[in-house]
Participant: 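Once you've had a glance at the structure underneath, I'll fire off some questions.
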Amino acid sequence: RKEVEQDPGPFNVPEGATVAFNCTYSNSASQSFFWYRQDCRKEPKLLMSVYSSGNEDGRFTAQLNRASQYISLLIRDSKLSDSATYLCVSDQTGANNLFFGTGTRLTVIP
Amino acid sequence: DTAVSQTPKYLVTQMGNDKSIKCEQNLGHDTMYWYKQDSKKFLKIMFSYNNKELIINETVPNRFSPKSPDKAHLNLHINSLELGDSAVYFCASSQGAVDYGYTFGSGTRLTVV
């Protein structure tokens with residue numbers, strides 16, 4: 001079983017739509033969680049950290065459900081520039097190591 | 001003024017050759033990593049170095065050897081390249097614990113022919 005699992009998509013949504021991604025993590029002791037964004041043929045870039053209380057950054061909202069071991073990302077008012085692959089990430093307890101999901105591909109359509 | 005820089009960006013080489021990929025970070029981070037992203041886009045940790053000490057060594061073939069002359073550099077040397085080594089290799093760095101995530105380099109696309 002992979003440490004982090006997410007639906008690969010693709011998600012094709014019209015501009016202005018709201019889209020949500022979920023992922024699950026296997027290690028209940030994981031403490032740090034992130035969403036990364038990866039554009040085609042580019043490196044992953046940190047989008048936002050995910051905190052237990054949930055957090056928001058503009059049009060993006062991240063939530064963590066420890067009981068169910070899942071993480072979510074909500075994107076409101078989608079823009080064409082949001083088209084990318086979104087990677088769900090959790091840490092490995094006791095090590096400076098992050099596990100990445102395989103990513104969910106989002107395409108925002110005009 | 002790139003924070004994490006890798007060279008080369010592209011590398012095409014024949015099976016059996018030995019090659020190196022260089023990585024440098026100017027963020028003052030104390031931990032550096034190498035990740036491999038395969039054709040299915042799965043990012044997998046290969047190595048990490050903290051203050052010049054290897055602290056993680058995943059089950060990668062011993063043909064792969066990380067070399068860190070100082071905490072700002074972590075190079076990856078690969079011996080006897082195989083077709084299955086074709087992938088994108090990303091260098092990354094972080095400060096201390098991973099609470100703040102990683103900063104990645106732009107990647108090296110390795111193609112073994």
Participant: Please flag which part of S49(A) lies under 4.5 Å from any non-hydrogen atom of chain B: side chain, backbone, both or neither.
Facilitator: side chain
Participant: Regarding R37(A) and D39(A), does a basic nitrogen lie under 4.0 Å from an acidic carboxylate oxygen?
Facilitator: yes
Participant: With a 4.5 angstrom heavy-atom cut-off, which part of F33(A) approaches chain B: side chain, backbone, both or neither?
Facilitator: neither
Participant: Taking the inter-plane angle between the rings of Y36(A) and F34(A) on a 0 to 90° scale, is it parallel (under 30°), tilted (30 to 60°) or perpendicular (over 60°)?
Facilitator: perpendicular
Participant: Would one find more than 12 heavy atoms of other residues, nucleotides or ligands at under 6.0 Å from atom OH of Y70(A)?
Facilitator: no
Participant: State whether the number of non-hydrogen atoms from other residues, nucleotides or ligands found under 6.0 Å of E43(A) atom CD is greater than 12.
Facilitator: yes
Participant: At a heavy-atom separation under 4.5 Å, does F104(B) approach chain A through its side chain, its backbone, both, or neither?
Facilitator: both
